[in-house]
Amino acid sequence: MLTSKKFAIWLVSLAAAITLTACGGNDENAGQEGTSTEESTTNNESSGHSGDHSGSGEVPEGIKAAENPKYEVGSKAFITEGHMEGMEGAEATITGAYDTTVYTVSYIPTTGGKKIENHKWVVHEEIADAGEDPFKEGDEVIINASHMEGMEGAAAVIDSVQKTNVYTVDFTTADGQDVKNHMWVTENELSPSD
């Protein structure tokens with residue numbers, strides 16, 4: 001039987017472990033951050049990011065609402081990818097649907113630390129000096145998004161490019177953490193909940 005002191009130590013250890021694995025990559029393929037490209041030995045997101053992954057619900061200026069999204073605002077869907085611990089398999093409520101180009105990016109946080117490889121996702125409207133044409137793989141850009149600590153203003157390299165609908169979603173992680181307006185989930189990372 002655990003004493004209250006041992007239980008407190010166990011609880012703190014558990015919380016630390018969860019925090020260290022929050023907002024992670026696609027753990028199906030060890031050593032990558034959630035795309036099909038391999039990650040170097042520097043860092044993947046699951047070991048590099050922590051904290052609350054709720055968003056304010058404020059989307060970047062210029063992003064266009066999707067005209068005919070597969071998942072309408074207010075509908076439910078299951079998340080089939082895990083950008084963070086406990087995300088994959090969660091039932092989500094769609095809070096926004098947008099038509100844009102999304103990128104996976106690699107960057108070194110402005111706060112220092114190891115390079116983050118293949119971060120999912122940054123939308124076109126979250127990149128400094130984005131024109132109408134999408135960026136290409138290998139382009140060097142500056143991120144104007146603050147999904148993670150040290151992301152805003154970071155120099156990044158575009159790893160992949162995808163034109164698709166993206167969604168903001170509310171969901172509860174497997175360990176009971178409520179996440180509101182998480183940015184972003186692509187259409188192919190969702191499946192119908194009916």
Side-chain angles (χ1 to χ4, degrees), residues 22-26 33-35 37 45 48-75 77 79-84 87 90 92-111 113 115-171 173 177-190:
C23 196
N26 180 350
E33 189 288 319
T35 68
T37 56
E45 269 198 304
H49 293 337
S50 61
D52 183 6
H53 294 279
S54 292
S56 66
E58 292 180 29
V59 296
E61 187 175 320
I63 196 167
K64 295 178 181 167
E67 290 185 21
N68 294 301
K70 182 174 181 179
Y71 302 97
E72 295 183 11
V73 173
S75 68
I79 302 171
T80 60
E81 291 280 330
H83 303 172
M84 61 180 280
M87 181 178 186
T93 300
I94 307 301
T95 59
Y98 305 92
D99 180 24
T100 189
T101 300
V102 294
Y103 306 97
T104 55
V105 296
S106 293
Y107 67 97
I108 296 175
T110 59
T111 53
K115 183 176 185 180
I116 305 300
E117 299 279 345
N118 299 308
H119 170 79
K120 280 188 172 181
W121 298 101
V122 174
V123 297
H124 187 73
E125 295 77 7
E126 294 175 319
I127 296 179
D129 303 319
E132 291 197 19
D133 293 331
F135 293 98
K136 296 179 177 62
E137 288 182 21
D139 283 351
E140 295 181 8
V141 298
I142 302 296
I143 303 172
N144 281 343
S146 55
H147 305 170
M148 313 309 268
E149 186 177 346
M151 180 181 252
E152 181 85 34
V157 174
I158 303 290
D159 296 315
S160 71
V161 181
Q162 182 181 355
K163 176 75 171 149
T164 187
N165 286 337
V166 296
Y167 299 87
T168 55
V169 294
D170 290 351
F171 64 96
T173 63
Q177 176 187 356
D178 288 330
V179 178
K180 302 291 183 191
N181 296 308
H182 178 81
M183 294 180 178
W184 303 96
V185 178
T186 60
E187 196 156 272
N188 64 355
E189 294 176 323
L190 296 170

Visitor: How long is the straight-line distance from CD1 of Ile108 back to NZ of Lys115, given to the nearest 0.5 Å?
Guide: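 So the gap between those two atoms works out to 6.5 Å.
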Visitor: Testing Val141, Val157, Val161 one by one against Phe135 for a side-chain contact (heavy atoms from CB on, under 4.5 Å), which residue passes?
Guide: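 It is Val141, the one option of Val141, Val157, Val161 that forms the side-chain contact (heavy atoms from CB on, under 4.5 Å) with Phe135.
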Visitor: Tell me if a side-chain donor or acceptor on Thr101 pairs with a main-chain N or O of His124 at a distance below 3.5 Å.
Guide: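 No; zero donor-acceptor contacts below 3.5 Å.
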Visitor: Can you name the side chain to side chain contact (heavy atoms under 4.5 Å, CB included) partners of Ala92, sequence neighbours left out?
Guide: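 Per chain and number, Ala92 pairs via side chain to side chain contact (heavy atoms under 4.5 Å, CB included) with Ile79, Val169, Phe171.
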Visitor: Please give me the minimum heavy-atom distance between Tyr107 and Ala155, naming the atom from each residue.
Guide: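 Minimum heavy-atom contact is CB-O, 3.3 Å.
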Visitor: Give, for atom CD1 of Ile127 and atom CD1 of Ile142, the distance between the pair rounded to the nearest 0.5 Å.
Guide: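 Ile127 atom CD1 to Ile142 atom CD1 measures 10.0 Å (nearest 0.5 Å).
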Visitor: Within a strict 4.5 Å, meaning less than it, do heavy atoms of the Val123 and Tyr98 side chains meet?
Guide: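 Side chain of Val123 against side chain of Tyr98, heavy atoms only: no contact under 4.5 Å found.
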Visitor: Can you give me the closest heavy-atom contact between Gly150 and Ala154, atom names plus distance?
Guide: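 Minimum heavy-atom contact is O-CB, 3.8 Å.
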Visitor: Applying side chain to side chain donor-acceptor pair (under 3.5 Å), can you list everything that pairs with Glu125, at least two apart in sequence or on another chain?
Guide: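 Residues passing side chain to side chain donor-acceptor pair (under 3.5 Å) with Glu125: Thr100.
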Visitor: Who are the side chain to side chain donor-acceptor pair (under 3.5 Å) partners of Thr164, not counting sequence neighbours?
Guide: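 Thr164 satisfies side chain to side chain donor-acceptor pair (under 3.5 Å) with no residue once adjacent residues are dropped.
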Visitor: Check step by step if side chain to side chain contact (heavy atoms under 4.5 Å, CB included) holds for Met151 and Val122.
Guide: CA-CA 10 Å; Met151 180 181 252; Val122 174; 4.2 Å; yes
Visitor: Nearest 0.5 angstrom please: Ile94 CD1 to Asp170 CG, how far?
Guide: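 These two atoms lie 9.5 Å from each other.
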Visitor: For Thr186, what residues pass the side chain to side chain donor-acceptor pair (under 3.5 Å) criterion, not counting sequence neighbours?
Guide: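 Thr186 satisfies side chain to side chain donor-acceptor pair (under 3.5 Å) with Asn188, Glu189 only.
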Visitor: Which residues pass the side chain to side chain donor-acceptor pair (under 3.5 Å) test with Lys163, sequence neighbours left out?
Guide: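 Side chain to side chain donor-acceptor pair (under 3.5 Å) list for Lys163, sorted by chain: Asp99.
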Visitor: Nearest 0.5 Å, please: how far is CG in Asp159 from CG in Asp139?
Guide: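 Going from CG on Asp139 over to CG on Asp159, the span is 11.0 Å.
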Visitor: Run Ser106 and Glu117 through side chain to side chain contact (heavy atoms under 4.5 Å, CB included) and show every step you take.
Guide: CA-CA 4 Å; Ser106 293; Glu117 299 279 345; 3.2 Å; yes
Visitor: Is a side-chain donor or acceptor of Ser146 paired with a backbone partner of Glu152 at a separation under 3.5 angstrom?
Guide: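 No; judged by distance alone, with no hydrogens or angles, the pair does not exist.
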Visitor: What distance do Trp121 atom CH2 and Glu81 atom CD have between them, rounded to the nearest 0.5 Å?
Guide: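 Reported to 0.5 Å precision, the distance equals 8.0 Å.
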Visitor: Please report the shortest heavy-atom distance between Thr110 and Gly153, naming the atom on each side.
Guide: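 Here Thr110 and Gly153 meet closest at CG2-C, 3.9 Å.
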Visitor: I'd like a table of donor-acceptor pairs (distance under 3.5 Å, sequence neighbours excluded) in which one partner is a side-chain atom from residues 59-73, with atom names and distances.
Guide:
from  : atom 1 : to     : atom 2 : distance (Å)
Tyr71 : OH     : Leu190 : O      : 3.3

Visitor: Is there a side chain to side chain contact (heavy atoms under 4.5 Å, CB included) between Val105 and Ile158 once you walk through the steps?
Guide: CA-CA 5 Å; Val105 296; Ile158 303 290; 3.9 Å; yes
Visitor: How many angstroms lie between NE2 in His119 and NE2 in His147, if you round to the nearest 0.5 Å?
Guide: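 His119 atom NE2 to His147 atom NE2 measures 6.0 Å (nearest 0.5 Å).
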